[in-house]
Enquirer: 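Pasting a structure below so you can have a look.
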Amino acid sequence: MKKTICMILALVLCIGLFAGCGGKTETPAAPAEKEEEIGNVNTGGGTTADSIATPPPAEAVYAEDLTLVIGDKVAIIDPFNPGGMTSQTGLVYHMIYDTLIDYTIDGQYLPCLATEWTTEDYQNFTFKLREGVKFHNGEEFTADDVAFTIDQGKEAPGTSVYDKVKNIEYEVINDYEIKMSLAAPNYDFYYDVANITAFVICNREAYETDPETAGQIGTGPYYVSAFSPNDSITYTRNDEYFGAAPLTKTFVMRYIAEETARMIMLDNDEVDFCGINGVYIPEYANNPNFVMNSYVMNNCNYIAMNTTMPITGDVNFRKAVAYGVDKQAIVDIALGGYGKVVDTGSFWGNTSAYKNYDIPFIERDVEKAKEYLAQSCYNGETVEIIAGMAQTIKAAQVIQDNLKEVGITCEINQSDGPTLTSRTLWESNDCEIVVNSAPWTPLANSINVMILPGSNSNKAHYENDELTALVEKANTTPDGEERAALYNQIQEIMFENVPYVPTHHMALYTAGQLGTGGAIYFPTNYHDYSMAYRIVG
């Protein structure tokens, strides 16, 4: 597959297409769903998400260096370190890592580090691996590196890789074949293997010789040539990459805290790509000098209440919060109206499978919220709300104002991604309310990391034995009526216990300078810039 792609690329330079299927992967986006129009944005002279795969002209001249500004910090690059799990993780991993198999944005499985994969029972799997692949440190990729990734992941509780590999046993057949066995059948296992934020393949030699920088060593189309934590990452093209080579030689991701500063840099052509807040959309969407790409996130923004803390552990207090917040106000104020309020009371992905639309949407009802508050243990204490991104901080401010009307006093801790992650680790989560966004794929099993004990994504610190049993049974049940019933029951229990209050799905926009393209914008917000380009002549 990789060789075929390279041949085609040489002929037609179909960059956007190969970004989707040429060696990079993403937790599956909803392939059958067309993104929704939010805000009636006029894309002006630029392209839209539907046309970013249009191949650039073969005779074009391309910029050698590109820059993307990001609004959240990257403190650590290491899949085995919980501190490395931030909103930017997917952006980084697409550049430097590969997974065993790809799952593209249009719903295809494609070979990547594995060339073949088979199973007869969805419990035992065999992977045949690609030969001749090199890590960035020059080491050859073999089955031993897959084994190392599994072993190291099992020693890293609280990380996404731990959640995926903790129940895997393996047998290395030879350098290019490995068998994996699960404790029970998992009909979603291939999705897990293709997860760019949870099952990237790391190099044993790198971790044994230099564990401090080993997380920067992958097999991907770029290698990390410079990393300044919480500031910038410089990637240099990997000219020995086994797949389609990027047209760009150097790609820089820079953290710029101030939104206005990011906009000034975009206006001055100091950066090539930049996320756009809702208030700026009309300005850039109607400007022919920019390319606009829009997407509704499958992720679900939420209010998580720590069930182990005295106040937020009270279900009546949690219900008071649920009825006290105005979800539309959050979208209007935090996102400038560019978002979609949840369409059910279920904490679920926008287009994820088995969504239970019978669970009622909770309208804001201040009097009902006050009734629940009166039945709770709350006695006027100040409750902390922590948020770690610009949009979630704005959402927290709306929530603070809403709850004040109910009679709840809140104080906002305006944090950042790494700090929020460290404060909300499973073993040390002392935050009462977390305003954040949950990573949802089209798979119903996305809920696992938000509710299973031990997961750092379980910001509510929620533990329910009945729910855990239902999740485990759903994982081992084939698609069909029985599985649908299990997930419906999971959603009903969540609705009654209210560890999370779902609020909205963000509609996000990215602006690029005219001539940019090749990036793949996933509804999970884990975008792939590895094949991004800019035409300059």
Enquirer: Can any side-chain N or O of Asn238 pair as donor or acceptor with the backbone N or O of Gly220 at less than 3.5 Å?
Expert: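 Flag set: sc Asn238 to bb Gly220 pair under 3.5 Å.
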Enquirer: Under 3.5 Å, is there a donor-acceptor pair between the side chain of Lys134 and the main chain of Tyr241?
Expert: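 Checked: no pair found.
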Enquirer: Can Thr468 and Asp465 be counted as having a side-chain donor-acceptor contact under 3.5 angstrom?
Expert: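 Checked: Thr468/Asp465 side chains show no N/O donor-acceptor pair below 3.5 Å.
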Enquirer: What residue among Phe522, Tyr526, Trp348 forms ring pair (Phe, Tyr, Trp, His ring centres under 6.0 Å) with Trp440?
Expert: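 Of the listed residues Phe522, Tyr526, Trp348, the ring pair (Phe, Tyr, Trp, His ring centres under 6.0 Å) partner of Trp440 is Trp348.
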Enquirer: Do His94 and Tyr235 have ring centres separated by under 6.0 Å?
Expert: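 Distance test on ring centres: not under 6.0 Å, no.
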Enquirer: Sequence neighbours left out, what passes side-chain contact (heavy atoms from CB on, under 4.5 Å) with Thr209? Give chain and number order.
Expert: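 Only Glu205 meet the side-chain contact (heavy atoms from CB on, under 4.5 Å) criterion with Thr209.
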Enquirer: Show every ring-ring contact (aromatic ring centres under 6.0 Å, His included) that has at least one partner inside residues 136-173, sequence neighbours left out.
Expert: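 For residues 136-173, and leaving out neighbouring residues, the ring-ring contact (aromatic ring centres under 6.0 Å, His included) pairs sorted by first residue read Phe148-Tyr207.
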Enquirer: Pairs of donor and acceptor atoms involving the side chains of residues 419-427, under 3.5 Å and at least two apart or interchain, shall be tabulated with distances.
Expert:
residue	atom	partner	partner atom	Å
Thr419	OG1	Asp416	OD1	2.7
Thr421	OG1	Met85	O	3.0
Thr421	OG1	Gly417	O	3.0
Ser422	OG	Pro418	O	3.4
Ser422	OG	Thr419	O	2.9
Arg423	NE	Asp430	OD1	3.0
Arg423	NH1	Glu384	OE2	3.3
Arg423	NH2	Glu384	OE1	3.1
Arg423	NH2	Asp430	OD1	3.0
Thr424	OG1	Leu420	O	2.7
Thr424	OG1	Lys459	NZ	2.7

Enquirer: As a quick check of understanding, evaluate side-chain contact (heavy atoms from CB on, under 4.5 Å) for His504 and Lys340, giving each step before the final call.
Expert: CA-CA 6 Å; His504 64 282; Lys340 176 188 174 184; over 6 Å; no
Enquirer: May I have the list of side-chain donor-acceptor pairs in residues 222-234 shorter than 3.5 Å, sequence neighbours left out?
Expert:
residue	atom	partner	partner atom	Å
Tyr222	OH	Thr248	O	3.0
Ser225	OG	Thr234	O	3.2
Ser225	OG	Thr236	OG1	2.9

Enquirer: Please check if the distance between the ring centroids of His527 and Tyr521 is under 6.0 Å.
Expert: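 When the ring centroids of His527 and Tyr521 are compared, they turn out to be within the sub-6.0 Å range.
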Enquirer: Does Ser455 use its side chain to pair, donor to acceptor, with the backbone of Val449 at less than 3.5 Å?
Expert: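 Yes, because the side chain of Ser455 sits within donor-acceptor range (under 3.5 Å) of the backbone of Val449.
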Enquirer: Please find the pair of heavy atoms, one from Ala511 and one from Met292, that lie closest to each other, and give the distance.
Expert: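 Answer, listing the atom of Ala511 first, then Met292: CB-SD, 3.8 Å.
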Enquirer: Could you work out, with side-chain contact (heavy atoms from CB on, under 4.5 Å) as the rule, every residue matching Asp121, not counting sequence neighbours?
Expert: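 Listed in chain order: Thr119, Gln123, Asn124.
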Enquirer: Search all heavy atoms of Ile96 against all heavy atoms of Gly215 and return the closest pair with its distance.
Expert: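 Where Ile96 meets Gly215 most closely, the heavy atoms are CD1-O, 4.0 Å.
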Enquirer: Yes or no on side-chain contact (heavy atoms from CB on, under 4.5 Å) for Ile168 and Leu182, after CA distance, side-chain angles and deciding distance?
Expert: CA-CA 5 Å; Ile168 297 177; Leu182 311 181; 3.7 Å; yes
Enquirer: Working to the nearest 0.5 angstrom, can you tell me the gap between Asp192 CG and Lys164 NZ?
Expert: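 Atom-to-atom, Asp192:CG and Lys164:NZ are 4.0 Å apart.
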Enquirer: How long is the straight-line distance from OG1 of Thr477 back to CZ of Arg483, given to the nearest 0.5 Å?
Expert: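 OG1 of Thr477 is found 7.0 Å from CZ of Arg483.
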Enquirer: Could you grab the distance from atom CG of Leu452 to atom CG of Asp163, nearest 0.5 Å is fine?
Expert: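 Here the rounded value is 7.5 Å.
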Enquirer: Are Asn293 and Tyr295 close enough that a side-chain donor and a side-chain acceptor fall under 3.5 Å?
Expert: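 Per modelled atom types, Asn293 and Tyr295 side chains form no pair under 3.5 Å.
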Enquirer: Verify, without hydrogens or angle tests, whether Asn195 (side chain) and Phe199 (backbone) share a donor-acceptor contact under 3.5 angstrom.
Expert: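 Not a single qualifying donor-acceptor pair exists.
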Enquirer: Please find the pair of heavy atoms, one from Val291 and one from Leu514, that lie closest to each other, and give the distance.
Expert: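 Heavy atoms only, the tightest pair is CG2-CA, 4.0 Å.
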Enquirer: Is a side-chain N or O of Glu463 found less than 3.5 angstrom from the main chain of Pro453, in a donor-acceptor match?
Expert: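 Looks like no, no N/O pair under 3.5 Å.
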Enquirer: Within a 6.0 Å radius of atom NZ on Lys249, are there more than 12 heavy atoms belonging to other residues, nucleotides or ligands?
Expert: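 It does not: Lys249 NZ has 12 such atoms or fewer within range.
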Enquirer: Can you classify the ring geometry of Tyr354 versus Tyr487 as parallel (below 30°), tilted (30 to 60°) or perpendicular (above 60°)?
Expert: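 Correct class here is parallel.
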Enquirer: Working to the nearest 0.5 angstrom, can you tell me the gap between Leu470 CG and Gln489 CD?
Expert: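 With rounding to 0.5 Å, CG (Leu470) is 4.5 Å from CD (Gln489).
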Enquirer: Verify whether the ring centers belonging to Phe189 and Tyr122 lie closer than 6.0 Å.
Expert: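 Centroid distance Phe189-Tyr122: not below 6.0 Å, so no.
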Enquirer: Evaluate the criterion side-chain contact (heavy atoms from CB on, under 4.5 Å) for residue pair Tyr97 and Ser530; output intermediate values, then yes/no.
Expert: CA-CA 10 Å; Tyr97 284 117; Ser530 66; over 6 Å; no
Enquirer: Around Glu240, counting heavy atoms of other residues, nucleotides and ligands shown, do more than 12 lie under 6.0 Å from its CD?
Expert: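 12 or below, so no.
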Enquirer: Charged N to carboxylate O under 4.0 angstrom, Arg534 versus Asp272?
Expert: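 Salt bridge: yes.
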Enquirer: Let me know which of Leu100, Thr142, Asp145 forms a side-chain contact (heavy atoms from CB on, under 4.5 Å) with Leu129.
Expert: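 Of Leu100, Thr142, Asp145, side-chain contact (heavy atoms from CB on, under 4.5 Å) with Leu129 is met by Leu100 alone.
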Enquirer: Among side-chain atoms of Thr104 and Asp102, is any donor-acceptor pair under 3.5 angstrom?
Expert: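 Absent: no donor and acceptor within the cut-off.
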Enquirer: Any luck finding a side-chain donor-acceptor pair between Asn475 and Asn186 under 3.5 Å?
Expert: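 Asn186 and Asn475 do not have a side-chain donor-acceptor pair below 3.5 Å.
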Enquirer: Within a radius of less than 6.0 Å around NZ of Lys166, do more than 12 heavy atoms belonging to other residues, nucleotides or ligands occur?
Expert: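 Atom NZ in Lys166 is packed in, count exceeds 12.
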Enquirer: Is there a side-chain contact (heavy atoms from CB on, under 4.5 Å) between Ile70 and Leu91 once you walk through the steps?
Expert: CA-CA 10 Å; Ile70 56 179; Leu91 275 66; 4.1 Å; yes
Enquirer: Taking atom types as modelled and ignoring hydrogens, do the side chains of Asn137 and Asn203 form a donor-acceptor contact shorter than 3.5 angstrom?
Expert: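 Their side chains do contain a donor-acceptor pair, which is all the 3.5 Å distance test asks for.
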Enquirer: Once you round to the nearest 0.5 Å, how far does OG1 of Thr115 lie from CD of Glu177?
Expert: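 With rounding to 0.5 Å, OG1 (Thr115) is 9.5 Å from CD (Glu177).
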Enquirer: Would you compute the distance between atom CG of Leu110 and atom CD1 of Ile101 and round it to the nearest 0.5 angstrom?
Expert: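 Here the interatomic distance stands at 9.5 Å.
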Enquirer: Pair Phe347, Tyr302 - check ring pair (Phe, Tyr, Trp, His ring centres under 6.0 Å), show working.
Expert: CA-CA 8 Å; Phe347 175 46; Tyr302 62 78; 5.5 Å; yes
Enquirer: Would you name the heavy atoms of Thr149 and Cys202 that are closest together and state the gap between them?
Expert: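 The pair with the smallest heavy-atom distance is OG1-N, 3.0 Å.
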Enquirer: Without swapping roles, check the side chain of Asp188 against the backbone of Tyr191 for a donor-acceptor pair under 3.5 Å.
Expert: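 No: the side chain of Asp188 does not pair with the backbone of Tyr191.
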Enquirer: Report the C-alpha separation of Glu169 and Lys154 in whole Å, then their side-chain angles, then the decisive distance to 0.1 Å, and conclude whether the salt bridge (charged side-chain N to carboxylate O under 4.0 Å, His left out) test is met.
Expert: CA-CA 11 Å; Glu169 300 298 328; Lys154 289 181 178 182; 3.3 Å; yes
Enquirer: For Phe273 and Gly512, work out which heavy atoms get closest and say how close.
Expert: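 Scanning both residues completely, I find the closest heavy atoms to be CD2-CA, 4.2 Å.
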Enquirer: Of all residues at least two apart in sequence or in a different chain, which pass the side-chain contact (heavy atoms from CB on, under 4.5 Å) check with Thr89?
Expert: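 Counting only residues at least two positions away or on another chain, Thr89 forms a side-chain contact (heavy atoms from CB on, under 4.5 Å) with Thr86, Tyr93, Thr197.
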Enquirer: May I ask you to decide if Ile256's main-chain N or O and Arg262's side chain share a donor-acceptor pair within less than 3.5 Å?
Expert: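 Yes, Arg262 side chain to Ile256 backbone: donor-acceptor pair under 3.5 Å.
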Enquirer: Side chains of Ser352 and Asn298: is there a donor and an acceptor less than 3.5 Å apart?
Expert: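 Yes, because at least one side-chain N or O of Ser352 sits under 3.5 Å from a partner of the opposite role on Asn298.
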Enquirer: Strictly by modelled atom types, are Thr219 and Asp98 linked by a side-chain donor-acceptor pair under 3.5 Å?
Expert: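 Judged by distance alone, the side chains do pair up.
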Enquirer: Just by distance, do the side chain of Glu64 and the backbone of Thr250 share a donor-acceptor pair under 3.5 Å?
Expert: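 Here the side-chain-to-backbone pair does not exist.
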